[in-house]
Amino acid sequence: MASSRLPTTQYTADEFLICAGTILFRHAPSPSSSLSSPSERPPPLQVCLLLHTVRNEWLLPKGRKDRFEPINTTAIRETFEETGYSCKLLPITLATRAPLPGSQAKDCVEVVQNCEEPFMMTLRQVPTGGVKMIWWFVSVVDRAEEEKVEGTQTEVESYLSEFVDVEEALERATFQSDRDVIRRAFDLVNETYGGDIRHLL
(Lines give C-alpha, C1' and ligand atoms only; values in the text may rest on other atoms or scores of the structure.)
Protein backbone atom coordinates (compact mmCIF):
# COMPACT_ATOMS: atom_id res chain seq x y z
CA MET A 1 0.00 0.00 0.00
CA ALA A 2 1.41 3.38 -1.00
CA SER A 3 1.99 6.18 1.48
CA SER A 4 0.72 9.69 0.89
CA ARG A 5 2.92 11.73 -1.44
CA LEU A 6 2.82 14.61 1.07
CA PRO A 7 3.50 14.67 4.84
CA THR A 8 0.19 13.70 6.45
CA THR A 9 -1.12 13.65 10.01
CA GLN A 10 -4.57 12.28 10.77
CA TYR A 11 -6.72 12.54 13.90
CA THR A 12 -9.84 10.65 14.89
CA ALA A 13 -12.83 12.60 16.21
CA ASP A 14 -11.85 11.97 19.83
CA GLU A 15 -8.44 13.54 19.17
CA PHE A 16 -9.44 16.96 17.79
CA LEU A 17 -11.57 19.85 18.96
CA ILE A 18 -12.96 22.45 16.55
CA CYS A 19 -13.20 26.01 17.93
CA ALA A 20 -13.84 29.46 16.51
CA GLY A 21 -13.55 33.05 17.60
CA THR A 22 -13.41 36.58 16.27
CA ILE A 23 -11.39 39.73 16.52
CA LEU A 24 -14.19 42.13 17.48
CA PHE A 25 -13.65 45.70 16.26
CA ARG A 26 -15.32 49.03 16.86
CA HIS A 27 -14.25 52.65 16.67
CA ALA A 28 -13.33 54.34 19.93
CA PRO A 29 -16.33 56.34 21.22
CA SER A 30 -15.82 60.01 20.47
CA PRO A 31 -18.33 62.86 20.84
CA SER A 32 -16.74 64.58 17.84
CA SER A 33 -17.13 61.60 15.50
CA SER A 34 -20.05 61.61 13.10
CA LEU A 35 -21.36 58.95 10.76
CA SER A 36 -22.59 61.70 8.47
CA SER A 37 -19.09 63.13 7.96
CA PRO A 38 -17.10 60.46 6.13
CA SER A 39 -14.29 62.92 5.35
CA GLU A 40 -13.68 63.45 9.05
CA ARG A 41 -10.73 61.53 10.49
CA PRO A 42 -12.13 58.33 12.03
CA PRO A 43 -11.57 57.61 15.71
CA PRO A 44 -9.01 54.85 16.34
CA LEU A 45 -10.07 51.25 15.96
CA GLN A 46 -10.47 49.25 19.14
CA VAL A 47 -10.37 45.51 19.81
CA CYS A 48 -12.35 43.68 22.48
CA LEU A 49 -10.19 41.70 24.88
CA LEU A 50 -11.20 39.37 27.70
CA LEU A 51 -9.60 39.35 31.12
CA HIS A 52 -9.76 35.86 32.60
CA THR A 53 -10.26 36.85 36.22
CA VAL A 54 -9.00 33.53 37.64
CA ARG A 55 -5.81 33.17 35.59
CA ASN A 56 -5.25 36.93 35.13
CA GLU A 57 -4.76 36.50 31.38
CA TRP A 58 -5.88 38.77 28.54
CA LEU A 59 -7.43 36.64 25.80
CA LEU A 60 -9.52 36.74 22.62
CA PRO A 61 -13.14 35.51 22.52
CA LYS A 62 -13.41 31.97 21.19
CA GLY A 63 -14.97 28.64 22.05
CA ARG A 64 -15.99 25.16 21.01
CA LYS A 65 -18.19 24.39 18.02
CA ASP A 66 -21.42 22.67 18.99
CA ARG A 67 -22.59 19.62 17.06
CA PHE A 68 -24.41 20.53 13.83
CA GLU A 69 -23.32 24.19 14.14
CA PRO A 70 -21.71 26.04 11.19
CA ILE A 71 -18.26 27.31 12.15
CA ASN A 72 -19.07 30.98 11.42
CA THR A 73 -22.10 30.70 13.72
CA THR A 74 -19.80 29.36 16.44
CA ALA A 75 -17.52 32.37 16.08
CA ILE A 76 -20.36 34.89 16.43
CA ARG A 77 -22.09 33.00 19.25
CA GLU A 78 -18.93 32.58 21.31
CA THR A 79 -17.97 36.21 20.83
CA PHE A 80 -21.37 37.37 22.07
CA GLU A 81 -21.43 34.94 24.98
CA GLU A 82 -17.97 35.84 26.23
CA THR A 83 -17.93 39.60 25.55
CA GLY A 84 -21.59 40.53 25.91
CA TYR A 85 -21.52 42.45 22.61
CA SER A 86 -23.77 41.52 19.70
CA CYS A 87 -21.66 41.37 16.55
CA LYS A 88 -21.62 40.40 12.90
CA LEU A 89 -18.90 39.20 10.55
CA LEU A 90 -16.94 41.97 8.86
CA PRO A 91 -16.40 41.34 5.13
CA ILE A 92 -12.77 41.85 4.18
CA THR A 93 -10.52 41.57 1.15
CA LEU A 94 -8.72 38.31 1.74
CA ALA A 95 -6.23 36.06 -0.03
CA THR A 96 -7.82 32.65 0.47
CA ARG A 97 -7.76 29.10 -0.85
CA ALA A 98 -11.53 28.70 -0.36
CA PRO A 99 -13.07 28.06 -3.82
CA LEU A 100 -16.40 29.23 -5.14
CA PRO A 101 -19.25 26.71 -4.75
CA GLY A 102 -19.02 24.14 -7.53
CA SER A 103 -15.56 25.25 -8.61
CA GLN A 104 -13.46 22.55 -10.28
CA ALA A 105 -10.36 24.70 -10.61
CA LYS A 106 -7.07 23.48 -9.19
CA ASP A 107 -6.35 24.62 -5.63
CA CYS A 108 -4.91 28.13 -5.71
CA VAL A 109 -4.83 31.36 -3.75
CA GLU A 110 -7.31 34.01 -4.88
CA VAL A 111 -7.84 37.53 -3.58
CA VAL A 112 -11.54 37.84 -2.79
CA GLN A 113 -13.44 41.00 -1.87
CA ASN A 114 -16.26 41.02 0.69
CA CYS A 115 -14.98 37.72 2.06
CA GLU A 116 -16.30 36.32 5.34
CA GLU A 117 -14.10 33.23 5.44
CA PRO A 118 -11.71 32.54 8.34
CA PHE A 119 -8.59 34.68 7.93
CA MET A 120 -6.37 32.58 10.19
CA MET A 121 -6.24 29.19 11.92
CA THR A 122 -4.44 28.30 15.14
CA LEU A 123 -3.45 24.67 15.63
CA ARG A 124 -2.75 23.99 19.29
CA GLN A 125 -1.45 20.78 20.85
CA VAL A 126 -3.61 19.65 23.77
CA PRO A 127 -1.74 18.40 26.89
CA THR A 128 -4.01 15.34 27.14
CA GLY A 129 -3.27 14.45 23.51
CA GLY A 130 -4.72 15.52 20.19
CA VAL A 131 -5.16 19.04 18.85
CA LYS A 132 -7.41 22.06 19.06
CA MET A 133 -8.16 23.89 15.79
CA ILE A 134 -9.25 27.52 16.25
CA TRP A 135 -10.73 29.28 13.21
CA TRP A 136 -10.53 33.09 13.40
CA PHE A 137 -12.95 35.56 11.80
CA VAL A 138 -13.13 39.36 11.77
CA SER A 139 -16.24 40.88 13.36
CA VAL A 140 -17.70 44.27 14.21
CA VAL A 141 -20.26 45.37 16.77
CA ASP A 142 -23.78 45.27 15.37
CA ARG A 143 -24.54 48.95 15.92
CA ALA A 144 -22.44 52.06 16.57
CA GLU A 145 -23.89 52.56 20.05
CA GLU A 146 -24.22 48.88 20.92
CA GLU A 147 -24.61 48.40 24.66
CA LYS A 148 -22.99 45.49 26.42
CA VAL A 149 -25.42 42.76 27.50
CA GLU A 150 -24.76 41.37 30.96
CA GLY A 151 -25.22 37.74 31.96
CA THR A 152 -24.25 36.16 28.61
CA GLN A 153 -21.44 33.97 29.93
CA THR A 154 -21.89 30.36 30.95
CA GLU A 155 -21.55 29.26 34.57
CA VAL A 156 -17.95 28.10 34.11
CA GLU A 157 -16.75 31.33 32.43
CA SER A 158 -15.19 34.20 34.32
CA TYR A 159 -14.32 37.03 31.94
CA LEU A 160 -14.34 40.81 31.97
CA SER A 161 -14.53 42.29 28.46
CA GLU A 162 -12.97 45.60 27.52
CA PHE A 163 -12.44 47.50 24.28
CA VAL A 164 -8.94 48.95 23.95
CA ASP A 165 -7.05 50.65 21.12
CA VAL A 166 -5.32 48.19 18.81
CA GLU A 167 -1.78 49.09 19.88
CA GLU A 168 -2.73 48.61 23.52
CA ALA A 169 -4.38 45.28 22.67
CA LEU A 170 -1.13 44.15 21.03
CA GLU A 171 0.73 44.93 24.25
CA ARG A 172 -1.92 43.66 26.65
CA ALA A 173 -2.73 40.27 25.08
CA THR A 174 -1.03 37.63 27.21
CA PHE A 175 0.03 35.25 24.44
CA GLN A 176 2.10 36.01 21.35
CA SER A 177 -0.18 33.84 19.22
CA ASP A 178 -3.13 36.11 20.08
CA ARG A 179 -1.05 39.18 19.28
CA ASP A 180 -0.26 37.70 15.87
CA VAL A 181 -3.98 37.13 15.20
CA ILE A 182 -4.86 40.69 16.28
CA ARG A 183 -2.14 42.17 14.08
CA ARG A 184 -3.25 40.19 11.03
CA ALA A 185 -6.90 41.15 11.53
CA PHE A 186 -6.00 44.82 11.97
CA ASP A 187 -3.89 44.78 8.80
CA LEU A 188 -6.77 43.24 6.82
CA VAL A 189 -9.27 45.82 8.10
CA ASN A 190 -6.84 48.61 7.21
CA GLU A 191 -6.25 47.18 3.74
CA THR A 192 -9.97 46.74 3.12
CA TYR A 193 -11.42 49.89 4.67
CA GLY A 194 -8.49 52.19 5.32
CA GLY A 195 -9.21 51.72 9.03
CA ASP A 196 -12.63 53.39 8.74
CA ILE A 197 -15.57 51.06 9.37
CA ARG A 198 -18.03 53.72 10.55
CA HIS A 199 -20.42 53.17 7.65
CA LEU A 200 -20.76 49.52 8.66
CA LEU A 201 -21.88 50.24 12.22
Side-chain angles (χ1 to χ4, degrees), residues 16-30 43-66 69-92 116-128 131-190 195 197 200-201:
F16 66 83
L17 180 63
I18 301 173
C19 302
T22 78
I23 312 305
L24 176 58
F25 286 100
R26 76 172 187 188
H27 280 293
S30 171
L45 283 172
Q46 294 186 320
V47 170
C48 193
L49 289 181
L50 299 172
L51 174 62
H52 194 295
T53 59
V54 177
R55 299 197 303 260
N56 194 34
E57 295 173 345
W58 287 97
L59 309 168
L60 292 168
K62 62 185 178 299
R64 298 175 295 179
K65 186 183 90 67
D66 291 340
E69 183 179 45
I71 194 68
N72 56 344
T73 302
T74 302
I76 293 299
R77 174 182 58 77
E78 286 288 345
T79 300
F80 173 65
E81 288 178 1
E82 294 186 346
T83 69
Y85 288 96
S86 178
C87 63
K88 59 187 176 183
L89 294 184
L90 180 63
I92 52 175
E116 294 183 356
E117 292 295 312
F119 72 92
M120 204 161 184
M121 190 271 283
T122 301
L123 182 65
R124 184 171 295 159
Q125 301 294 323
V126 179
T128 54
V131 295
K132 178 186 289 187
M133 296 177 286
I134 308 168
W135 299 94
W136 295 106
F137 296 79
V138 181
S139 70
V140 62
V141 291
D142 247 343
R143 294 176 290 278
E145 303 301 327
E146 179 67 42
E147 294 291 332
K148 181 178 177 180
V149 178
E150 301 295 340
T152 59
Q153 295 178 21
T154 65
E155 292 181 1
V156 298
E157 293 174 329
S158 182
Y159 298 117
L160 295 176
S161 61
E162 182 180 345
F163 274 99
V164 297
D165 290 352
V166 172
E167 290 305 320
E168 183 175 349
L170 289 168
E171 294 180 5
R172 194 182 293 192
T174 299
F175 299 106
Q176 183 60 48
S177 57
D178 283 351
R179 297 180 184 189
D180 294 341
V181 175
I182 294 169
R183 171 57 69 185
R184 180 60 179 152
F186 178 60
D187 288 346
L188 288 168
V189 172
N190 260 334
I197 57 174
L200 300 168
L201 303 179

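We use all heavy atoms of the structure for the numbers below, so side chains are in, but hydrogens, waters and symmetry mates are not.
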side-chain contact (heavy atoms from CB on, under 4.5 Å) for Tyr159 and Thr53? Distances and angles first, verdict last. CA-CA 6 Å; Tyr159 298 117; Thr53 59; over 6 Å; no
How many angstroms lie between [atom1] in [X] and [atom2] in [Y], if you round to the nearest 0.5 Å?
X: Met133; Y: Leu17; atom1: CE; atom2: CG; value: 8.0 Å
X: Asp187; Y: Ile182; atom1: CG; atom2: CD1; value: 12.0 Å
X: His52; Y: Leu59; atom1: NE2; atom2: CG; value: 7.0 Å
X: Ile23; Y: Leu90; atom1: CD1; atom2: CG; value: 11.5 Å
X: Leu50; Y: Thr174; atom1: CG; atom2: OG1; value: 11.0 Å
X: Glu78; Y: Phe137; atom1: CD; atom2: CZ; value: 12.5 Å

The test is side-chain contact (heavy atoms from CB on, under 4.5 Å); show your working for Ile134 and Arg124 and say whether it passes. CA-CA 8 Å; Ile134 308 168; Arg124 184 171 295 159; 3.7 Å; yes
Least distance between heavy atoms, [X] atom then [Y] atom:
X: Cys48; Y: Pro61; value: O-CD, 4.0 Å
X: Lys88; Y: Leu200; value: NZ-O, 3.1 Å
X: Lys62; Y: Trp136; value: CD-CH2, 3.6 Å
X: Thr152; Y: Phe80; value: OG1-O, 3.3 Å
X: Arg77; Y: Arg64; value: NH2-O, 3.0 Å
X: Ile71; Y: Cys19; value: CD1-O, 3.8 Å

Do [X] side-chain atoms and [Y] backbone N/O form a donor-acceptor pair below 3.5 Å?
X: Gln153; Y: Glu81; result: no
X: Ser161; Y: Thr83; result: yes
X: Ser86; Y: Asp142; result: no
X: Glu168; Y: Asp165; result: no
X: Arg179; Y: Leu170; result: yes

Quick one: are Glu116 and Asn72 in side-chain contact, heavy atoms under 4.5 Å?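 Glu116 vs Asn72: side chains apart.
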Apply side-chain hydrogen bond (donor to acceptor under 3.5 Å, both in side chains) to residues Thr22 and Thr79 and explain how you reach the verdict. CA-CA 6 Å; Thr22 78; Thr79 300; 2.9 Å; yes
List the steps and the verdict of salt bridge (Lys or Arg N to Asp or Glu O under 4.0 Å) for Arg183 and Glu167. CA-CA 9 Å; Arg183 171 57 69 185; Glu167 290 305 320; 3.4 Å; yes
Arg184 and its side chain to side chain contact (heavy atoms under 4.5 Å, CB included) partner, picked from Val181, Asp180, Leu188: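 In the set Val181, Asp180, Leu188, the residue that makes a side chain to side chain contact (heavy atoms under 4.5 Å, CB included) with Arg184 is Leu188.
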Step-by-step side-chain contact (heavy atoms from CB on, under 4.5 Å) determination, Leu60 to Leu49: CA-CA 5 Å; Leu60 292 168; Leu49 289 181; 3.8 Å; yes
Is it true that atom CH2 of Trp135 has more than 12 heavy atoms of other residues, nucleotides or ligands lying nearer than 6.0 Å?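 No - once you tally the heavy atoms of other residues, nucleotides and ligands closer than 6.0 Å, there are 12 at most.
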Kindly determine whether Val141 and Leu24 satisfy side-chain contact (heavy atoms from CB on, under 4.5 Å), including the steps that lead there. CA-CA 7 Å; Val141 291; Leu24 176 58; 4.1 Å; yes
For Gln46, which of Arg26, His27, Glu162 qualifies under side chain to side chain donor-acceptor pair (under 3.5 Å)?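 Exactly one pass, corresponding to Arg26.
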